[in-house]
Peer 1: 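I'd like to ask some things about the structure below.
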There are 2 protein chains.
Amino acid sequence: MTTGAKGPREVRARGGVTMHDVAALAGVSFKTVSNVLNDYPHIRPTTRARVEAAIAELGYQVNASARNLRRGRTGVIGLALPGLAEPYFGELADTVVRVAETRGVTVLVEHTAGERAKELDVLTSARRSLTDGLLLSPLAVTAEDLRELRPTSPLVLLGERVFGVGLDHVTMANVEGARLATRLLLDRGAHRIAVVGAPGAPGEPEPLGPLTELTGLAELAALARGAGVPDGELGSARPLTTTTARLRLAGYLHALVEAGLEPDPALLLPTGDWHRTSGAAAMDRALAVGLEVDAVLGLNDSVALGALHALQLAGVDVPGRVQVVGFDDTIDGAFATPALTSVSPGREVIASSAVDLLLRRIEGVEQAPRLVVAPVRVEERGSTRRA
Amino acid sequence: MTTGAKGPREVRARGGVTMHDVAALAGVSFKTVSNVLNDYPHIRPTTRARVEAAIAELGYQVNASARNLRRGRTGVIGLALPGLAEPYFGELADTVVRVAETRGVTVLVEHTAGERAKELDVLTSARRSLTDGLLLSPLAVTAEDLRELRPTSPLVLLGERVFGVGLDHVTMANVEGARLATRLLLDRGAHRIAVVGAPGAPGEPEPLGPLTELTGLAELAALARGAGVPDGELGSARPLTTTTARLRLAGYLHALVEAGLEPDPALLLPTGDWHRTSGAAAMDRALAVGLEVDAVLGLNDSVALGALHALQLAGVDVPGRVQVVGFDDTIDGAFATPALTSVSPGREVIASSAVDLLLRRIEGVEQAPRLVVAPVRVEERGSTRRA
DNA sequence: TTGTAAGCGTTATCAA
DNA sequence: TTGATAACGCTTACAA
C-alpha cells in the first residue's frame, strides 16, 4: 500500500527518517549507511562523504530502539542513589554521568531515598530492562535481599554497606581519610578534636566499646589500607551515617592512638543525620556545655559546615581558635568562608571504577568480584592553619 | 556450545527469556502472553493465571527495546535542569520523576549546568532518540537558538526564560508569590523589608529604573495574574537569578505600592548568585552599614537561609526583631531553625502540567502552545510572626 | 477467546 | 568495497 508519494524529503511522523531514506538520497544501499554509521573500515571516502551529506541533510538519527534490539544492549546504565539533594551524591552523580559519556553510555539516574522498598523496586522494576546494568548505592537493602534477588542484570555496589555478596564493589578509603585529616589537625597543633556526626543519637553518643575493639592497630591499619572491610559488625543494616561514621571514626581513633593520645568520649558529637543544621546543633550543644575544643572533624562536609557556622555564630575564630575539617570535598565546602579543608574522596576514581566494572560485567567478562577502594587525600583550605 | 545445565530453566545470556519461552511453559501461543502483558480484556482467567505463573517462574521481563521499536515510543522522557544540587531543582526533579511514574513513563534526568553548549547538546544529542520528548529548563539558550533548531522531538519549557517560541511552557506565579509574601510581612507589622537576592551584582543593585516602569499597577496586576510575561525585557538572555529576580522583585514592589509605601532602593540587596553564602554575605554587609530593616524577603530559600544565619550570627532575634521569608519552599528551609516561611511554588502542579503537556504532544495532539502558570501560596512557619 | 502473519529499523552474516 | 537476507522480540491487524 502506497502511503502516497512522499517527496524526496517529507519527514514521516516522529522524525522517522530511516536508514533507507538516507540510502535513497545518497544512492547507496541501506547497509552502506549502516556501515558508515558504525565506522566500518572499508568504505570508499567518496561514498562515506555522500552518505554523511545525506545524513546531515535529512537530520537522520539512528533509531535507538532498533539498534538496541539488534545489539541486545541499550547503552544505558542505571545509577541509583539515596538522594541527589545531598551534595556528595549530587556531585557523584554528576561525575558518573560525565565518565559514562566518555565511555559512550548514558546514565539513568534513579533515586531511592534510602528506603528499602525503593531500593528493591530499583532492582526489580521494569526500568531495569531499559538498562544494561545498575550502579547501586544501597542504604537499606540487606545482603540477604541481594542474595535472594539474584539480580537479573549486572550490578555494582557503591559505598560502605552490604559487603560480601559476591558483587563488584566500589568504596573509598574512609578510615585512611579520617586518619589523614586527624593527623593534619594534630600536626597543626590541635589536641582536642571534636568529631561532629559521630555515630549515635544526638546527645547520646554510641558507646566507644565496639569501636575501641577495632582500634587494635593492626586491624585499623588493615582497614586504613583498604584491605577490606569486616562484614557483620560494620556491614549490617544501619543507616549510612552509622556505617560510614564508624569507619571514619575508626580512622580518627587510629590517628589519636598513633599520636599517643587518649580518645575522649566527650569529644564525640553525634548528630543523628548528616545535614548542616544537625552539625550546627551539635556544635551549639558542645559550646553550651563549655566543651574544650581546638579542632573539629566533621564526618561529612555538611555537618562540618554546620559546625563552622555555629562556631562563627558564637564568635569563635576559625581557624584561629578552632580549626575545622570536613569530609567529601563538596563544592559547598570549597566556597564557604573560610573555605573548608576537606578529605577528597577521589570521586573521579570512584565513578570511573564503578562504570568500568559495570561495563566489563555487561560485556560478559567473567572475573572474581572486585573491591575497589578509591584513595583519598586532604584538600587543605582556609579552615585549618597552614604550617 | 552448551554452557552447562543451569538449573530448571537454562537462562540465556543477559536474562534473555522471551515471550516464546513463557508461552511454551504456559502451554499457550506467544500472542496470548502478549495479550496478558498488555491487559487485553478478553482472556480466560485460567489462561491468564497460567501465563502469569510462567512469567513469575521464569522471571520474564518484556524486552523494552523490542516493545519500543514496535510501538514507536520509548516510554522515556528527558528532564534537563541546570543542576540538581540546587535544592529547588533537586526537589523539582524528584517530583517530576514521581509524577512520570504514575503516567507510566520513566525520566532520564540530564544536567546542563546552565551552560549554553550543554543545553544545545541536550537538545540535539543522540540521547534524544532514546526519549520521546524533553522537558527543558533553559538558562542560556536563546529563543533564537530554539527557533533555529526546530527541535525534532516534542519539547516543553520550564521556568521564566525564553518565551514566545511557540512551545508549551510551564512556569509559576512569581510576581504573585512575591506579592503575597511581601503582603504577609506587611500584615505582620513590617515596614522596612529588605530584598536579598535582588538583581544586580553584590554591592551595586541594578537601578530601579526599568523595574519601576513595570510597577504600573495594571501591568503588574497582569503579571501577577500570570496573564503572560512580556518577552524582550524580561525574557532575554540573562542568568536565571536575573530574570526570576526581576519578576519576584516586581511582586515585592507591587505589594509596596498597593500598601501605599515608597520603595527604598537601599533595601535591595543583590547577591550575584542565589546560594546560601551569598545571602549571608549580603545580609552581613547590610548589617555592617547599619541598614534599618525589620524583615527580609529572600528571593529564594537559599539566600533567605543565608540571611537568616547572618542575622542569628549578629545576635538579631528572628522573628522577634527581623522576620524572614523565602521562596521555593524547599526542605532545607522547612527544617531550619526557626523554620522558614516560604512561598510554595506548587511543584506538583508544575511537574504534572509539564509531564502531561509533553505526553499530549508525544501523542501527537495538535493544539496551540500553552502557557501554564502554577499557582503559589505562602507556607507560614516560625521565621515570621503569626498574627 | 486464541492464534497467525507481518513488520518496526537495525546489525550480522555472508555472498557478490 | 558493497549489497541481499535474515534475525532481534515485540505489537498490531486480522483470521480462526
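A note on names: the letters A, B, ... follow the listed sequences, proteins ahead of strands, and every chain is numbered from 1.
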Peer 1: So, E119(B) side chain and V141(B) main chain: donor-acceptor pair closer than 3.5 Å or not?
Peer 2: yes
Peer 1: Take the protein atom CZ of R73(B) and the nucleotide atom C1' of dT11(D), then report the distance between them rounded to whole Å.
Peer 2: 13 Å
Peer 1: When you check the side-chain N and O atoms of N68(B) and T74(B), is any donor under 3.5 Å from an acceptor?
Peer 2: no
Peer 1: Might you point out which heavy atoms bring N63(A) and L69(B) nearest each other, and give the distance in Å?
Peer 2: ND2-CD1, 4.3 Å
Peer 1: Under 4.0 Å: is that the gap between some side-chain N or O of Y60(A) and OP1 or OP2 of dT10(C)?
Peer 2: yes
Peer 1: Angle between the two end axes of the helix from dT1(C)-dA16(D) to dA16(C)-dT1(D), five base pairs per end, rounded to 10 degrees?
Peer 2: 30°
Peer 1: Using a distance-only test with no angle check, is there a side-chain donor-acceptor pair under 3.5 angstrom linking D145(B) and T142(B)?
Peer 2: yes
Peer 1: Without decimals, in angstroms, what is the distance between N68(A) CG and dC10(D) P?
Peer 2: 14 Å
Peer 1: Of the nucleotides dT11(C), dT11(D), dG9(C), which one has an atom closest to the side chain of L69(A)?
Peer 2: dG9(C)
Peer 1: Just by modelled atom types, is the E91(B) backbone N or O under 3.5 Å from a matching donor or acceptor in the T95(B) side chain?
Peer 2: yes
Peer 1: Let me know the distance between NE2 of H20(A) and C1' of dG7(C), rounded to the nearest Å.
Peer 2: 12 Å
Peer 1: Please encode protein proximity along nucleotides 1-7 of chain D as a string of B, S and -, counting only heavy-atom distances under 4.0 Å.
Peer 2: SBBBBBB
Peer 1: Report the distance from atom CZ of R67(A) to atom C1' of dG9(D), rounded to the nearest whole Å.
Peer 2: 18 Å
Peer 1: Looking across every strand, which nucleic acid part, if any, lies under 4.0 Å from N38(A) by heavy atom: base, sugar-phosphate, or nothing?
Peer 2: sugar-phosphate
Peer 1: Would you kindly give the CE-to-P distance between M19(B) and dT4(C), to the nearest whole Å?
Peer 2: 13 Å
Peer 1: Does any pair with a residue in residues 30-52 of chain B pass salt bridge (charged side-chain N to carboxylate O under 4.0 Å, His left out), and if so which ones, sequence neighbours excluded?
Peer 2: none
Peer 1: Anything under 3.5 Å between a donor and an acceptor, one on a side chain of residues 97-104 of chain A, the other on a protein residue two or more places apart or in another chain? List them.
Peer 2:
residue, atom, partner, partner atom, Å
R98(A), NH1, D94(A), OD2, 2.9
R98(A), NH2, D94(A), OD2, 3.1
T102(A), OG1, V99(A), O, 2.6
R103(A), NE, D356(A), OD1, 2.7
R103(A), NH2, D356(A), OD1, 3.4
R103(A), NH2, D356(A), OD2, 2.9

Peer 1: What residues, two or more places apart in sequence or in another chain, satisfy salt bridge (charged side-chain N to carboxylate O under 4.0 Å, His left out) together with E110(A)?
Peer 2: R127(A), R128(A)
Peer 1: Over how many whole Å does the gap from R71(B) atom CZ to dG7(C) atom C1' extend?
Peer 2: 16 Å
Peer 1: Residues in side chain to side chain contact (heavy atoms under 4.5 Å, CB included) with R370(B), at least two apart?
Peer 2: D168(B), L357(B), R360(B), Q367(B)
Peer 1: Hey, does the side chain of T18(B) come within less than 4.0 Å of dG9(D)'s phosphate (OP1/OP2), counting only N and O?
Peer 2: no
